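What follows is a single structure, written as structure tokens, with notes after it.
The analysis underlying the following values was restricted to heavy atoms, covering all of them including side chains, and did not include hydrogens, waters or symmetry mates. No experiment lies behind these values; they were computed from the predicted model shown.
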Amino acid sequence: PRGILNPAFIKYNTYGTLNAARDNVIVVCHALTGNASLEAWWGDLLGPGKAFDTDQYFIVCCNILGSCYGSAGPESLRPGYDENNPESHRNISPKIPKNK
């Protein structure tokens, strides 16, 4: 089944400066549910003159949906949350069949 996650928040960090032509962007997405802090997991490669050269590039590092580091996931509150209806608060809810 398909559906829409609305809103879907993505946690991200940026490094360096976006140029006037807006063509110096590198987007880095961590595998699995890693955080959006490029310096935390590839810090030795980040900075002036390094692989992720902050003097040359504007670097955007984001984590994925479902991450426990700030992006929307199963525990995110749904728009229209009703505090009187505990089932209304999840964006993603697995349907687990009851035993017969």
Side-chain angles (χ1 to χ4, degrees):
R2 293 193 268 176
I4 297 172
L5 286 176
N6 184 15
F9 302 106
I10 301 291
K11 175 72 177 176
Y12 67 94
N13 289 324
T14 62
Y15 311 87
T17 304
L18 184 63
N19 66 17
R22 301 169 63 112
D23 63 358
N24 68 328
V25 178
I26 295 175
V27 177
V28 179
C29 299
H30 191 285
L32 303 175
T33 59
N35 63 44
S37 299
L38 183 61
E39 72 276 6
W41 40 279
W42 280 351
D44 292 343
L45 301 175
L46 177 65
K50 297 183 178 182
F52 297 107
D53 189 337
T54 52
D55 285 344
Q56 185 175 357
Y57 299 107
F58 178 65
I59 302 155
V60 180
C61 182
C62 55
N63 58 335
I64 64 170
L65 286 174
S67 169
C68 58
Y69 293 101
S71 291
E75 294 298 313
S76 298
L77 293 179
R78 179 185 304 209
Y81 166 67
D82 177 2
E83 66 182 39
N84 296 316
N85 177 4
E87 295 301 315
S88 75
H89 75 292
R90 301 283 182 244
N91 268 328
I92 304 169
S93 298
K95 292 187 178 184
I96 301 171
K98 294 181 180 181
N99 290 334
K100 292 183 179 184

Flag yes if [X] and [Y] sit in one hydrophobic cluster, no otherwise; membership is Ile, Leu, Val, Met, Phe, Trp, Tyr, and two members link when side-chain heavy atoms are under 4.5 Å apart.
X	Y	value
W41	I59	yes
L45	I26	yes
L18	V27	yes
W42	Y12	no
L38	V60	no

- Hey, is the main chain of A36 close enough, under 3.5 Å, to the side chain of N13 for a donor-acceptor pair? yes
- Query: Mind checking what makes side-chain hydrogen bond (donor to acceptor under 3.5 Å, both in side chains) contact with E39, not counting sequence neighbours?
  - Reply: Y15
- side-chain hydrogen bond (donor to acceptor under 3.5 Å, both in side chains) filter on N24, not counting sequence neighbours, yields none
- Item | More than 12 heavy atoms from other groups under 6.0 Å of CG on D23 | yes
- Give a yes or no on this: more than 12 heavy atoms of other residues, nucleotides or ligands lie within 6.0 Å of atom CZ of F58. yes
- State, to 0.1 Å, how close D55 and P48 come at their nearest heavy-atom pair, and which atoms those are. OD2-CB, 3.1 Å
- Heavy atoms of N63 and K11 approach each other most closely as OD1-O, 2.9 Å
